A.B. asks: 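Can you keep this structure in mind? I'll have questions shortly.
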Amino acid sequence: MSIVKILLVDDFVPWHQVVKSLLQSNTALQVISEATNGLQAVGKALELQPDLVLLDIGLPVMNGIEVARHICRVAPSSKIVFLTENSDRAVMKAAMNTGACGYVVKSDAVRQLLPAVEDVVAGKQFIGPESEDDTSAVAAE
């Protein structure tokens, strides 16, 4: 298995260490860069062309949904997994409608982040179990 290059985007810097520690059990996953605002995230995605972007929604300068739309244009082969505190169904639908492949709520990251990343890297879509009732509606739109 080749190395999966990950761009981590979240404005809460201490969270970066948490995410990296959750991913470390899979040696094929490597965080190659980090960004703390939306504009920086788009620039790094353009420059680095990561395989995967872990993206928060509540970002300064440009929100994560807008960032995802830009990344889909500037780094079309990058897959996006939203990793956010927001569990609102409408926000999740809007996020997934950007072309993202996954959605994980931060409070469930310990259980769901690694399976989400592995599923998305394998070409599947992942929406956390707390949203299972909404998965078909989100995927259908």
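Along the sequence shown, the residues carry numbers beginning at 1. None of these values were measured; they are calculated from a predicted model.
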A.B. asks: With sequence neighbours excluded, what pairs up with Ser107 under the side chain to side chain contact (heavy atoms under 4.5 Å, CB included) test?
C.D. replies: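 With neighbours one apart ignored, the set is Val105.
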A.B. asks: Strictly distance-based, threshold 3.5 Å: is any side-chain N or O of Thr98 a donor or acceptor partner for the main-chain N or O of Ile65?
C.D. replies: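 No, because the side chain of Thr98 does not come within donor-acceptor range (under 3.5 Å) of the backbone of Ile65.
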A.B. asks: Determine which pairs satisfy salt bridge (charged side-chain N to carboxylate O under 4.0 Å, His left out) with at least one residue from residues 76-85, sequence neighbours left out, and list them in order.
C.D. replies: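 Residue pairs passing salt bridge (charged side-chain N to carboxylate O under 4.0 Å, His left out), neighbours aside: none found.
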A.B. asks: Might you point out which heavy atoms bring Ala100 and Met96 nearest each other, and give the distance in Å?
C.D. replies: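 Reported closest heavy-atom pair: O-CE, 3.5 Å.
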A.B. asks: Determine the minimum heavy-atom distance between Pro50 and Ile32, stating which atoms define it.
C.D. replies: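 Shortest heavy-atom separation between Pro50 and Ile32 comes out as CB-CD1, 4.4 Å.
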A.B. asks: Report yes if some heavy atom in the side chain of Cys101 is under 4.5 Å from a heavy atom in the side chain of Phe126; otherwise report no.
C.D. replies: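 They are not in contact (no side-chain heavy atoms under 4.5 Å apart), so the answer is no.
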A.B. asks: When you measure from the side chain of Asn63 to the backbone N and O of Leu59, does any donor-acceptor pair fall under 3.5 Å?
C.D. replies: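 Side chain of Asn63 to backbone of Leu59: no pair is present.
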A.B. asks: Between Val67 and Leu48, is there a shared hydrophobic cluster once you connect ILVMFWY residues whose side-chain heavy atoms come closer than 4.5 Å?
C.D. replies: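 No; Leu48 is not reachable from Val67 via cluster members.
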A.B. asks: Compare all side-chain heavy atoms of Ile57 with those of Phe82 and state whether any distance is below 4.5 angstrom.
C.D. replies: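 Side chain of Ile57 against side chain of Phe82, heavy atoms only: contact under 4.5 Å found.
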A.B. asks: Tell me every residue that passes side chain to side chain donor-acceptor pair (under 3.5 Å) with Gln30, counting only those two or more places apart in sequence or in another chain.
C.D. replies: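 Gln30 satisfies side chain to side chain donor-acceptor pair (under 3.5 Å) with no other residue.
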A.B. asks: Testing the basics here: between Ala41 and Ile71, what is the closest heavy-atom pair and its distance to 0.1 Å?
C.D. replies: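 Result for this residue pair: O-CD1, 4.4 Å.
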A.B. asks: For His16 and Leu8, indicate whether the former's side chain and the latter's backbone hold a donor-acceptor pair under 3.5 Å.
C.D. replies: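 Not a single qualifying donor-acceptor pair exists.
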A.B. asks: Taking the side chain as everything from C-beta on, heavy atoms only, tell me whether Val19 gets closer than 4.5 Å to Leu113.
C.D. replies: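 Result yes, sub-4.5 Å side-chain heavy-atom pair found.
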A.B. asks: Could you tell me if the side chain of Val81 sits less than 4.5 Å from the side chain of Val53, heavy atoms only?
C.D. replies: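 They are not in side-chain contact.
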A.B. asks: Between Ser25 and Leu114, what is the shortest heavy-atom contact and its length?
C.D. replies: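 Shortest heavy-atom separation between Ser25 and Leu114 comes out as OG-CD2, 3.0 Å.
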A.B. asks: In chain order, what residues pass the side chain to side chain contact (heavy atoms under 4.5 Å, CB included) check against Glu47, with sequence neighbours excluded?
C.D. replies: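 So Glu47 forms no side chain to side chain contact (heavy atoms under 4.5 Å, CB included) with any residue.
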A.B. asks: Can you name the residues that form a side chain to side chain donor-acceptor pair (under 3.5 Å) with Thr36, not counting sequence neighbours?
C.D. replies: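 Partners of Thr36 under the side chain to side chain donor-acceptor pair (under 3.5 Å) test: Gln40.
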A.B. asks: Using the test side chain to side chain contact (heavy atoms under 4.5 Å, CB included), find all partners of Pro60 that sit at least two apart in sequence or belong to another chain.
C.D. replies: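 Testing Pro60 for side chain to side chain contact (heavy atoms under 4.5 Å, CB included), a comparison that skips the adjacent residues, returns Asp11, Asn37.
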A.B. asks: In chain order, what residues pass the salt bridge (Lys or Arg N to Asp or Glu O under 4.0 Å) check against Lys20, with sequence neighbours excluded?
C.D. replies: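 Per chain and number, Lys20 pairs via salt bridge (Lys or Arg N to Asp or Glu O under 4.0 Å) with Glu34.
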A.B. asks: Run the side-chain contact (heavy atoms from CB on, under 4.5 Å) check on Leu54 and Val117 step by step: do they pass?
C.D. replies: CA-CA 9 Å; Leu54 296 178; Val117 167; 4.0 Å; yes
A.B. asks: Which residues pass the side chain to side chain contact (heavy atoms under 4.5 Å, CB included) test with Leu46, not counting sequence neighbours?
C.D. replies: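 For Leu46 the side chain to side chain contact (heavy atoms under 4.5 Å, CB included) partners, ignoring immediate neighbours, are Gln49, Val74.
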A.B. asks: Quick one: does Leu23's side chain get under 4.5 Å of Ile6's, heavy atoms only?
C.D. replies: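 With C-beta onward as the side chain, the pair touches.
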A.B. asks: Which atom names give the shortest non-hydrogen contact between Glu118 and Asn26, and what distance separates them?
C.D. replies: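 It is OE2-ND2, 3.0 Å.
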A.B. asks: Would you say that Asp51 contacts Ser78 through its side chain, given a criterion of any heavy-atom pair below 4.5 Å between the two side chains?
C.D. replies: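 Side-chain contact under 4.5 Å: no.
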A.B. asks: Is there a side-chain contact (heavy atoms from CB on, under 4.5 Å) between Leu55 and Asp10? Walk through the geometry before answering.
C.D. replies: CA-CA 7 Å; Leu55 180 60; Asp10 197 290; over 6 Å; no
A.B. asks: Tell me which pairs pass salt bridge (charged side-chain N to carboxylate O under 4.0 Å, His left out) where either residue lies in residues 52-72, with sequence neighbours left out.
C.D. replies: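 Listed once each, the pairs are Asp56-Lys106.
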A.B. asks: Is any side-chain heavy atom of Val91 closer than 4.5 Å to one of Thr84?
C.D. replies: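 With C-beta onward as the side chain, the pair stays apart.
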A.B. asks: Considering all heavy atoms of both residues, which atom of Ile80 and which atom of Cys72 are nearest to each other, and what is their separation?
C.D. replies: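 Minimum heavy-atom contact is CD1-SG, 4.0 Å.
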A.B. asks: Would you indicate whether the side-chain heavy atoms of Leu52 and Val120 approach each other to under 4.5 Å?
C.D. replies: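 Heavy-atom side-chain distance check passes, below 4.5 Å.
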